[in-house]
Amino acid sequence: MARVFSGIQPTGQLHVGNYLGAIRSWVAMQAEHDCVFSIVDLHAMTVPYDPAELPKRVLATAATLIGCGIDPERSVLYVQSHVREHTELCWILNCITPLGSLQRMTQFKDKAKQHQENVNAGLLNYPILQAADILLYKASLVPVGEDQVQHLELSRDLARRFNYLFGETFPEPQPHLTRAARVMALNDPTRKMSKSIPGSYVALTAPPDEIQSLIRRAVTDTGPRGEAMSPGVANLFTLLESFSAPETVAHFRTAYEQGTLRYVDLKQQLAEDMTKALAPIRERYLELMSRPGELREILAHGAQRARAIARETMEEVRAKTGLVLEASAASTVAPTA
Ligand code: AQP
C-alpha cells in the first residue's frame, strides 16, 4: 500500500476547480492507499490574510473535505501547523535548496505579481515547505494537478540531494496526475479558477441561487466568434463534462458544432446539474459546521496520528544531519574549567 500525501490551503472557500483537480482523486485514492491529507495553514500565511479568520477557514476546509468524502478514520486528516516537525524539516531542506530553482517557479512569479505589495521570503520558499510536507511522511505518491508538477519536481530533487548528502532516507515521490483539465476562472477564463479571486469560482458549498448567478455571469465569448472554441465556452464544457450526463454533453456539443447553441441554455443546464451534484456536500458541510467542537476533535485526532509518523522521520533526519549529540562524542570534549 503506497503512502499518499497531499495538502490544500485554507485561503478561502474550496471550489469546483479544487474538487476536480484534487479532492475527487483524494477520495478515490483512500480505497487503496495509506493517505495523509493536510490543511496547510502555514502555506496560507505566505499571502496577506486575517489572523481572526484563519481558524474559521481551517474548520470550513475540514468540513468541506469531509463533506466531499474524505474519511478521517481511514485517512489522516490534520492541520499542518499542529505538527511542528514540518517547519523543522523545512529549515533543513532550505539549507540544501539552490536559490535559483526557487526563483524559476511559475507559481512564485504569478503570486509575486498578484501580491506586489508583499513579496515575502515565505512565498519564495513555499515549495520547500511543500517538499517537507511530502518527505516528512515518506510519501511515494502525490496526487497533483498539472500546475503543481514543477513543485513536485523540486521535492524529488530535494529527496535525491538529501539522500546523496546524508544517506538513503527518503523515497522519491512520484506524481499521480489527476485526469481533470485545469478549471479556469469564470470571470476571466484565461486564468485558473482560484479561491483568492472573487467571482472566479463556484464554492463547493455555495447555495443554489449563488451557483445560478455565478454561472449565468460566466464570460463566454469576449470578441467576435472565431474558428476555435473560446476559452470561456471551453471551460463551461469542461464543467459540463464533470457534472452532467454524457448524453447532455453530447447534445450541447452537437448544438455548438451546428452553430445553434444558445449559451443561456448551456448555462442553465450546467447550473442545474452542478447544484444537484453539490447538494450532498453542502448538506454534510452545514451539519459539521454546526458542531465545531466535533470538527476540532477530528483534527486533533488526525494531528496525533500525523505526529507519530513525523516524529519518527525527524529522529532519523536529526541523527543523519548531525543534530544529535552522541554520548560518546560528548565524552571526548575536554572540560573547559
Ligand atoms: N482551477 C483549478 N483547476 C484544477 N485544479 C485546481 N487546483 C486549484 N485550483 C485548480 C488544485 O487544488 C489543489 C489544492 O490547491 P491549493 O489550495 O493548495 O492551492 P492553489 O492551487 O493555489 O488553489 P487556489 O484555489 O488557486 O488557491 P489560492 O487562490 O489561494 O491560490 C491543488 O492540487 C491544485 O492543483
Side-chain angles (χ1 to χ4, degrees), residues 3-31 33-47 49-87 129-130 133-134 136-137 139 142-145 148 178 194-196 201-207 277-310:
R3 165 80 45 80
V4 170
F5 178 91
S6 204
I8 198 153
Q9 298 186 80
T11 35
Q13 293 178 292
L14 301 193
H15 51 72
V16 293
N18 295 134
Y19 182 74
L20 300 175
I23 304 167
R24 182 170 61 168
S25 66
W26 295 10
V27 172
M29 289 177 102
Q30 296 182 114
H33 297 295
D34 167 16
C35 296
V36 180
F37 298 125
S38 185
I39 298 170
V40 292
D41 53 350
L42 297 173
H43 277 110
M45 296 171 77
T46 57
V47 293
Y49 74 100
D50 176 358
E53 275 300 308
L54 187 57
K56 294 179 205 158
R57 284 187 168 176
V58 167
L59 289 185
T61 302
T64 312
L65 290 174
I66 299 170
C68 288
I70 297 298
D71 176 354
E73 284 306 316
R74 185 189 280 266
S75 301
V76 177
L77 176 66
Y78 74 102
V79 182
Q80 184 187 34
S81 67
H82 295 181
V83 180
R84 303 290 153 93
E85 284 80 358
H86 285 261
T87 44
L129 182 56
Q130 209 169 14
D133 296 345
I134 297 165
L136 194 53
Y137 299 94
V142 182
V144 282
Q148 289 296 317
T178 51
S194 275
K195 336 177 185 81
S196 56
Y201 64 87
V202 177
L204 290 168
T205 54
L278 299 183
I281 298 177
R282 177 174 155 78
E283 202 177 304
R284 181 88 177 103
Y285 163 84
L286 290 174
E287 194 185 300
L288 284 159
M289 288 303 280
S290 70
R291 299 195 302 273
E294 203 175 297
L295 269 177
R296 278 190 285 268
E297 260 172 46
I298 290 174
L299 293 173
H301 175 63
Q304 219 170 24
R305 292 170 67 195
R307 239 177 261 130
I309 309 170

For the residue pair Q80 / S38, report whether a side-chain donor-acceptor contact shorter than 3.5 Å exists.
no
Show the nearest heavy-atom pair for residues [X] and [Y], with the distance to one decimal.
X    : Y    : answer
A44  : L54  : CB-CD1, 4.5 Å
S6   : P143 : OG-O, 3.4 Å
D41  : S81  : OD2-OG, 2.5 Å
S194 : Y201 : O-CD2, 3.2 Å
H33  : V4   : CB-CG2, 3.5 Å
T11  : R57  : O-NH1, 3.0 Å

Does any part of the side chain of T64, heavy atoms only, come nearer than 4.5 Å to the side chain of N18, both counted from C-beta? no
**Asked** Does CZ in R291 sit with more than 12 non-hydrogen atoms of other residues, nucleotides or ligands closer than 6.0 Å?
**Response**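 Atom CZ in R291 is packed in, count exceeds 12.
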field: Chi angles and distances behind the side-chain contact (heavy atoms from CB on, under 4.5 Å) call for L59, L299
entry: CA-CA 9 Å; L59 289 185; L299 293 173; 4.0 Å; yes
With rounding to the nearest 0.5 angstrom, report the [atom1] to [atom2] distance, [X] to [Y].
X    : Y    : atom1 : atom2 : result
K56  : M289 : NZ    : CE    : 10.0 Å
H15  : I23  : NE2   : CD1   : 8.5 Å
Q30  : I70  : CD    : CD1   : 4.5 Å
Y285 : T61  : OH    : OG1   : 8.5 Å

Quick one: does any side-chain atom of [X] pair with a main-chain N or O of [Y] as donor and acceptor, under 3.5 Å?
X    : Y    : result
R307 : V83  : no
E85  : I309 : no
R74  : C35  : no
K195 : Q9   : yes
S25  : A22  : yes
R305 : S75  : yes

- [ ] Give the intermediate values and the outcome of side-chain contact (heavy atoms from CB on, under 4.5 Å) for residues L278 and V16.
- [x] CA-CA 9 Å; L278 299 183; V16 293; 4.1 Å; yes
Item to complete: Kindly write out the residues that satisfy side-chain contact (heavy atoms from CB on, under 4.5 Å) with R284, not counting sequence neighbours, or none if the list is empty.
Response: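 Per chain and number, R284 pairs via side-chain contact (heavy atoms from CB on, under 4.5 Å) with I66, E287, L288.
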**Request:** Quick one: sort the F5 and Y137 rings into parallel, tilted or perpendicular, breaks at 30° and 60°.
**Result:**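 The arrangement is parallel - the two ring planes meet at less than 30°.
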* When you look at I8 and W26, which way does the side-chain contact (heavy atoms from CB on, under 4.5 Å) test go after all the steps? -> CA-CA 11 Å; I8 198 153; W26 295 10; 3.8 Å; yes
| said: For Q13 and L204: C-alpha separation, side-chain torsions, deciding distance, then whether side-chain contact (heavy atoms from CB on, under 4.5 Å) applies. | reply: CA-CA 8 Å; Q13 293 178 292; L204 290 168; over 6 Å; no
